[in-house]
Amino acid sequence: MSGRRGRTPNGRDEAGWRRKAAAWTAWAALTTLATASRAQTPLPSLDDGAPPAAEAAEVPTAGETQPLSLWYQFTERYSATPDAAHPAWLSQYQVGSREKIKFTTEKARGAPDVNEAVVQTIYTERAVKTTPTQAASDVVRRYDRAKLSTTLKSHRPFQNPRFLEQLTFWYRIQPGQPVELYNLSEGRKIRQLEFDRIVSNPFLPQLATLLPASPRRVGDQWPAPRTATAILLGAMPLEEEYDVTAELLDVRAAEAGSSAMTAEFAIKGTLLLEGGDVGLNVRVAFAFDLPGEDARPKPGQPPRARPAIAAEGWISEIRMAETVTTPLPDDETGRLNQIQSRELVLARRARPSELGPEAALPLIAPDEPPDDPAHTWITYDDPRGRFHLEHPQSLRIASVHPDGGVDLADRRLEGNDVVSLGLVPKTGDPAKDKLAADPTEHKRKLVQTWREQGQEILMGDSGWLKDDVWAPLNRRVYRLEAALKPADEQAAVRSGRIYADYYVVQFTRDETLVVTAMTVRDPHVAFRDQAEGIIMSFNLGPSESPATAVGP
């Protein structure tokens, strides 16, 4: 399967993308990992003891085993308010997690470069909207405790507030759509690293899709849906060579005669992601209470008439890890690799008797989340502190330029939307630096490049944007609009055009920023407005003062 690495779902070569990816900072790589083989890490902890959410969630190694002939129908349901008629339905619960991320780059001589980060959190979460099938589509989450430690020298510790501190948000999942976060903490921005960690970790209500749709016995196996595996990995596996199986390993009571049960599932197999081949081995624990005697199978019943036990409960723990090895793109020997690994232990406490006073108090939420840039856009900081900006959640970090820039991309079936921003480097030659800031020179070179590529160009308007809008922000902005008709038939798009808006931004501090916004949306004006909103938010320097302490 190694020959398949570097392919996209439509078979296009990704070698060029990998060459650019190799130049990303280690932190950018660390914040975009996905997962696979069994984790051996301890239960999540922020200190010497286990967090409250993890104490009662350990996969049992002792307890009363259940007969192998019993069938179980596993379900997990949610309610926006506690329902006395359905005590197993989840409303509010507490989660503890421990995540370790490691990034290793092999070298021809000497020891490899190794960096790692450990993120530990405890948060309280409450369902605020459910579907007709009692799945949770919207939740409100509050981070109660968080700790971030890392060996990365380029990491800038968060100080005011600290990592995930004072953060409450509305979390929304819609079928076929990316995660949406709405910030409920007034005056508190969601930082890029915080957003990446939140959306890359499994959303517990979604993981109910891992449960078998039909009754199962201990030892039974069934195919694990690709969509459920994607929630674990943070990326959709390709259809080809997908071979992942789920199995009910065990069902035990906490002690003899107890109705509190724990089922353990295994998810194993191999699959193919865009980044390479993955071997998967995950353990999932599911907690439930045995129903009353009237609902249990009766001795002597014929097998066909025997009902399954209604195991209504919740996923109480997940343990997983992954190692993905990718050949270094510029290694001529073919022996050097980039190794990305991640380990995650996540545990949930859901029984009312287990929740502490803080977690038991109902989380307050508005009727609807605030849907505007102030509550939904993410704050991105250049790793070297040269600039910061805000951007919509739909535009994810695609690459980071070592010389001072970043590419944002929204990957859609119709085609990618891209906003690329880069500071123009200083040469030390006043004449050359002046020419590099001249919009006319940028326009000449851009048109020349497009023509050399064989593109058919439709030029639109160009000129300086209104000073009364941009002068208060201490900048002047020149915009050039164009539409390209792809010369390559394989690059043809549904609209027949790629719209490009090119900006030269001159700051009063004698700095120049170049921005390119490209989309196949028709009309493209709404996307252009987003790009100009990003330019308005762009500022030189870090988003907060340099930290005086070394830890979070």
Side-chain angles (χ1 to χ4, degrees), residues 42-46 49-66 72-98 121-128 130 134-136 139-145 171 202-208 210-211 248 250-265 283-293 295-296 309-319 345-363 365:
L43 287 171
S45 173
L46 277 76
E55 292 172 358
E58 187 172 2
V59 176
T61 56
E64 185 182 26
T65 59
Q66 302 300 293
Y72 301 89
Q73 178 68 69
F74 298 98
T75 57
E76 181 178 284
R77 295 189 172 95
Y78 292 79
S79 174
T81 56
D83 189 339
H86 301 282
W89 290 12
L90 297 177
S91 179
Q92 185 161 305
Y93 47 87
Q94 192 176 43
V95 178
S97 70
R98 183 182 187 274
T121 64
I122 297 175
Y123 62 82
T124 302
E125 192 166 84
R126 178 172 75 88
V128 290
T130 59
Q134 299 305 133
V139 303
V140 169
R141 180 185 299 181
R142 178 193 66 215
Y143 278 91
D144 302 320
R145 297 178 66 189
Y171 191 123
F203 179 53
L204 274 174
Q206 268 194 312
L207 286 179
L210 289 171
L211 302 174
L248 177 56
D250 192 19
V251 178
R252 290 177 179 264
E255 57 187 20
S258 173
S259 63
M261 313 296 292
T262 299
E264 183 181 4
F265 297 90
R283 292 293 184 270
V284 178
F286 182 86
F288 66 100
D289 288 328
L290 281 177
E293 291 292 340
R296 299 187 192 182
I309 292 176
E312 195 169 63
W314 53 86
I315 291 175
S316 57
E317 184 179 284
I318 299 168
R319 290 174 174 265
V345 180
L346 186 149
R348 170 162 57 183
R349 171 180 278 179
R351 300 181 192 276
S353 60
E354 298 170 342
L355 297 177
E358 184 180 26
L361 292 175
L363 290 177

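As the structure is a prediction and not an experimental result, all values here were calculated from the model.
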> In terms of ring plane angle, is the pair Trp89 and His86 parallel, tilted or perpendicular, where the classes change at 30° and 60°?
Replying inline: parallel

I want to check something: taking the side chain as every heavy atom from C-beta on, are [X] and [Y] in contact at a cut-off of under 4.5 Å?
X: Arg348; Y: Trp314; answer: yes
X: Arg351; Y: Asp289; answer: yes
X: Leu207; Y: Ile318; answer: yes
X: Phe286; Y: Tyr72; answer: no
X: Leu211; Y: Thr75; answer: no
X: Val284; Y: Glu264; answer: no
X: Ile122; Y: Val95; answer: no

[X] versus [Y], closest heavy-atom pair with distance:
X: Pro205; Y: Tyr93; value: CG-OH, 3.6 Å
X: Pro202; Y: Leu346; value: O-CD1, 4.4 Å
X: Ala80; Y: Thr130; value: N-CG2, 4.2 Å
X: Ala263; Y: Val251; value: CB-CG2, 4.0 Å
X: Phe203; Y: Ala136; value: CE2-O, 4.2 Å
X: Leu363; Y: Gln92; value: N-OE1, 3.0 Å

> What do the steps show when you test Leu355 against Gln94 for side-chain contact (heavy atoms from CB on, under 4.5 Å), and what is the final call?
Replying inline: CA-CA 7 Å; Leu355 297 177; Gln94 192 176 43; 4.0 Å; yes

>> Tell me every residue that passes salt bridge (Lys or Arg N to Asp or Glu O under 4.0 Å) with Arg126, counting only those two or more places apart in sequence or in another chain.
In response: none

> For Asp83, which residues count as a salt bridge (Lys or Arg N to Asp or Glu O under 4.0 Å) partner, sequence neighbours excluded?
Replying inline: none

>> One pair to check against salt bridge (charged side-chain N to carboxylate O under 4.0 Å, His left out): Arg77 and Glu312. What are the steps and the verdict?
In response: CA-CA 8 Å; Arg77 295 189 172 95; Glu312 195 169 63; 2.6 Å; yes

>> According to side chain to side chain donor-acceptor pair (under 3.5 Å), who are the partners of Tyr171, at least two apart in sequence or on a separate chain?
In response: none

> What's the verdict on side chain to side chain donor-acceptor pair (under 3.5 Å) for Thr121 and Ser97, showing C-alpha distance, side-chain angles and the deciding distance?
Replying inline: CA-CA 5 Å; Thr121 64; Ser97 70; 2.7 Å; yes

> Can a salt bridge be assigned to the pair Arg349 and Glu125 using a cut-off of 4.0 Å between side-chain N and carboxylate O?
Replying inline: no

> Looking just at side-chain N and O atoms, do Arg141 and Tyr143 make a donor-acceptor pair shorter than 3.5 Å?
Replying inline: yes

>> Using 0.5 Å steps for rounding, measure from the CZ atom of Arg252 to the OG1 atom of Thr65.
In response: 6.0 Å

> Which distance, rounded to the nearest 0.5 Å, do you find between the OG1 of Thr262 and the CG of Asp250?
Replying inline: 9.5 Å

